[in-house]
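What you see is a predicted model, and the numbers here were worked out from it, not measured in a lab. Keep in mind that the numbers below use all heavy atoms, side chains included, and drop hydrogens, waters and symmetry copies. Numbering of ligands and ligand atoms starts at 1, following listing order.
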Amino acid sequence: MHIVIVGGGTAGWITAALTIKKFPSHKVTVVESSKIGIIGVGESTTGYFTEILLNDLAGDFGVSHDEFIIETGASLKFGIKHKGWTPNIDDHYFGVLEGSPTRYDSKDLMFYYAFTERSGKEHTMTHTGHIIETNKSNLGPDMNFSRFGHAFHIDGVKSGKYFAEKCLKKKNVTHIDSEILNVNFSENGFIKSLTLSDGSDVEADFFIDCSGFSRVLINKLDESWISYKKYLPVDTGMPFLEKYQPDEDPTPYTTAWAQKNGWLWQTPLLDRRGNGYAFDSNFISHDQAQAEIESMLGRKIEPIKFVKFDAGRKQSAWVKNCVAIGLSYGFLEPLEGTGIHANITQTKTFIDEYLGNTIEETVNAGSINLYNRRIGQLYDDTKDFINMHYMGGRTDSEFWRYVSSGATQTDFVKDLLETAKSRVPSWNDFIRCHRGVGWELYCYVMAGLGRLDKNLARKSFTEQTYNETSFNFYKLTSSLEQEYRYFQPFSVFVDHFRSLRAQKDL
Ligand SMILES: Cc1cc2nc3c(=O)[nH]c(=O)nc-3n(C[C@H](O)[C@H](O)[C@H](O)COP(=O)(O)OP(=O)(O)OC[C@H]3O[C@@H](n4cnc5c(N)ncnc54)[C@H](O)[C@@H]3O)c2cc1C
């Protein structure tokens, strides 16, 4: 089967890599336009990105975890520091990559205990939280990663190139640098070929649209748009890069710092920090956004560009012989760095569960409906989660007064907040979808925003369960201390990989 992937951004090359890894006999052609370029933002990943480096693309395929860090300057991420999301704007909380050890129980006693007795330190009952708290890394004493469990801060452009190089070593992968000018259809409505800027046509059996916001293929097949704008009003990103100050070190977490009209992201890589202001353009202009950030940071910045986006998704990711993956299907906003996670989920779901050896084995109405329902749920579910982050009750600007009025609340968030007045929510309150969000991530956010009640959490204990949990918490945090005693401080990870990069003149 011949598959054409349109787009050479993170989504395009990851999709190409995962496709040829699973189906080495399929022919894959990646068409991208260097004239158009890639979006070039998208630096904060989830653990799923690390998983594909370590599992799917390791070994024969040629991807190596440590080589990826060295070649691209990526750094480790163990969670997100959320700063200023409540009326007490100097406050912060951490969201980490995993949930509490008792999160599957209908009463998550370990979290309740941490929440009531170690408020603000809930994250310390997890591996990644312990690492953040102690400023460690998961690099062992022998300078090898003897334990994994991190996400990455990545450079979008360098990562795309890294995956492209690995893919182009395979004999069944072709790369075409050209703009698509026309999409040609067969009588049955399937895509037959694409006309390129040199006038040539590329034919294929199946097409994957990773063309970012251009939506070159999917817009011809599905004109719908499910907008999340009402719930996620932030609609513009202002990315800018900064070198570290001489006395400044990268942090092992992303910072999401709420501002007057949105929030600022800070994603520390080994040699520079990616930053960006995600704001609502109904409240400020581009110039005002830049001025606001410069005044807050106390220094000048140089925005790379202003990226306008409309939070939402297509009705269907898969139509006939075309699947849209990545920004071409949808985008929420950058908070929680869910974009690449969703790309990988879409790609792996399609390749592992739906793509067959032939077009006949692949395309049928049932599979298309099931896939579209699953992917739609993933985006809708994530939309609710991001929406919750804004419910901390800030009222110090027009933007925050609008959001805090409840006008943007999704139904699910409304229900969770209402429930939290009479009991602490739990795992079972969340509809599960593959690689979606659940209590394990909501718990930190709701606690950090002051949306959980300590008395209600405390009431969930009997004297016996309280004593047991208190002892288990002590045992757990002591064992984390023991386990990480010999792991390297985060600064050692940074120095080590900086020196390996320097040896290669990178
Ligand atoms: C402001 C902002 C911040 C973000 N932050 C994060 C984050 O922290 N974490 C995260 O996980 N995600 C983030 N994302 C999302 C992330 O950037 C994307 O999910 C990821 O980069 C994948 O993009 P893509 O490959 O779908 O699109 P792109 O990178 O835009 O690639 C599109 C490709 O299609 C090609 N193309 C387009 N039109 C044509 C044509 N006519 N002919 C030929 N080729 C064409 C382009 O040349 C390019 O190669 C962010 C997004 C935005 C907008």
Query raised in the report: What atoms of ligand 1 come within less than 4.0 Å of a heavy atom belonging to Ser214?
Result: 37 (C), 38 (N)
**Report entry** Atom NZ of Lys27 with >12 non-hydrogen neighbours under 6.0 angstrom
**Finding:** no
Query raised in the report: What are the atoms of ligand 1, with element, lying closer than 4.0 Å to any heavy atom of Ser211?
Result: 32 (C), 34 (O), 37 (C)
Report task. Please work out which of the three classes, parallel, tilted or perpendicular, describes the rings of Phe283 and Tyr402, given edges at 30° and 60°. Result -> tilted
Query raised in the report: Going by the order shown, which atoms of ligand 1 are within less than 4.0 Å of some heavy atom of Glu32?
Result: 44 (N), 49 (O)
Query raised in the report: Would one find an N or O of Ile39, backbone or side chain, under 3.5 Å from an N or O of ligand 1?
Result: yes
Query raised in the report: With distance as the sole criterion, is a donor-acceptor pair present between the side chains of Thr195 and Asn184 under 3.5 Å?
Result: yes
Report task. Starting from atom 26 (O) of ligand 1, find the nearest protein heavy-atom neighbour and note its residue, name and distance. Result -> Leu327 N, 3.0 Å
Requested in this report: Decide if atom NZ of Lys161 counts as having more than 12 heavy atoms of other residues, nucleotides or ligands within a radius under 6.0 Å.
Outcome: no
Query raised in the report: Which atoms from ligand 1 have a heavy atom of Gly9 less than 4.0 Å away?
Result: 25 (O), 29 (O), 31 (O), 49 (O)
Requested in this report: Check each heavy atom of Ala342 against ligand 1 and say whether those closer than 4.0 Å belong to the side chain, the backbone, both or neither.
Outcome: neither
Query raised in the report: If you measure from the Lys or Arg side-chain nitrogens to the Asp or Glu carboxylate oxygens, is any gap between Arg498 and Asp271 under 4.0 Å?
Result: yes
Report task. Name the closest protein heavy atom to atom 2 (C) of ligand 1, giving the residue it belongs to and the distance to 0.1 Å. Result -> Val41 CG2, 3.5 Å
Report summary line: Honestly, for Ala11 the part within reach of ligand 1 (heavy atoms, under 4.0 Å) is both
Query raised in the report: Near Gly8, which atoms of ligand 1 are under 4.0 Å from a heavy atom of that residue?
Result: 33 (C), 48 (C), 49 (O)
Requested in this report: Over all heavy atoms of both residues, which pair between Ile5 and Val28 is shortest? Give the atoms and the distance, please.
Outcome: CD1-CG1, 3.9 Å
Query raised in the report: Do ligand 1 and Gly7 have nitrogen or oxygen atoms that lie under 3.5 Å from each other?
Result: no
Report task. Please work out which of the three classes, parallel, tilted or perpendicular, describes the rings of Tyr379 and Tyr329, given edges at 30° and 60°. Result -> perpendicular
Query raised in the report: Strictly by modelled atom types, are Tyr371 and Glu353 linked by a side-chain donor-acceptor pair under 3.5 Å?
Result: no
Query raised in the report: Can Lys77 and Ser44 be counted as having a side-chain donor-acceptor contact under 3.5 angstrom?
Result: yes
Query raised in the report: How are the rings of His82 and His389 set to each other: parallel, tilted or perpendicular (split at 30° and 60°)?
Result: tilted
Query raised in the report: Polar-atom distance check: Pro334 versus ligand 1, any N or O pair below 3.5 Å?
Result: no
Requested in this report: For Gly212, counting its heavy atoms only, list the atoms of ligand 1 lying under 4.0 Å from any of them.
Outcome: 27 (O), 30 (O), 32 (C)
Query raised in the report: Taking heavy atoms and a distance under 4.0 Å, where does Cys210 meet ligand 1: side chain, backbone, both or neither?
Result: backbone
Query raised in the report: For Ser33, is at least one N or O under 3.5 Å away from an N or O on ligand 1?
Result: yes
Requested in this report: Please work out whether any backbone atom (N, CA, C, O) or any side-chain heavy atom from C-beta onward of Asn343 is under 4.0 Å from ligand 1, and answer side chain, backbone, both or neither.
Outcome: side chain
Report summary line: atom 43 (C) of ligand 1: closest protein heavy atom, distance to 0.1 Å, is Ser178 O, 3.4 Å
Query raised in the report: Which of parallel (below 30°), tilted (30 to 60°) and perpendicular (above 60°) describes His150 and Phe152?
Result: perpendicular
Report task. Give the residue and atom name of whichever protein heavy atom lies nearest to atom 42 (N) of ligand 1, and the separation in Å to one decimal. Result -> Ile180 N, 2.9 Å
Query raised in the report: Which of the listed options, Gly37, Gly339, Ser44, holds the heavy atom that is closest to atom 12 (N) of ligand 1?
Result: Gly339
**Report entry** Min N/O separation Val216 to ligand 1 under 3.5 Å
**Finding:** no
Report task. Have a look at Phe309 and tell me which of Phe213, Tyr228, Phe331 forms a ring-ring contact (aromatic ring centres under 6.0 Å, His included) with it. Result -> Phe331
Requested in this report: Give a yes or no answer on whether the side chain of Ser211 reaches the backbone of Ser214 with a donor-acceptor pair at less than 3.5 Å.
Outcome: no
Query raised in the report: In the protein, which heavy atom is nearest to atom 40 (C) of ligand 1, and how far is it?
Result: Ile36 CD1, 3.5 Å
Query - Side chain, backbone, both or neither: Ile340 near ligand 1, heavy atoms under 4.0 Å - result: both
Query raised in the report: At the 4.0 Å heavy-atom cut-off, does Thr45 count as touching ligand 1?
Result: no
Requested in this report: Within a distance under 4.0 Å of any heavy atom of Trp265, pick out the atoms of ligand 1 and give their elements.
Outcome: 1 (C)
Query raised in the report: For the atom pair CG (Leu297) and CD (Glu242), what is the distance rounded to the nearest 0.5 Å?
Result: 6.0 Å
Query raised in the report: Where is the nearest protein heavy atom to atom 13 (C) of ligand 1: which residue, which atom, and how far?
Result: Gly42 CA, 3.3 Å
Query raised in the report: Which ligand 1 atoms, with their elements, are less than 4.0 angstrom from a heavy-atom of Gly326?
Result: 26 (O)
Query raised in the report: Of Phe49, Phe213, Phe331, which has the heavy atom at the shortest distance from atom 50 (C) of ligand 1?
Result: Phe331
Query - Polar side chain donor-acceptor pair, Thr29 to His2, under 3.5 angstrom - result: yes
Report task. Taking all non-hydrogen atoms of both residues into account, name the closest pair between Pro233 and Asp280 and its distance. Result -> CB-OD2, 3.4 Å
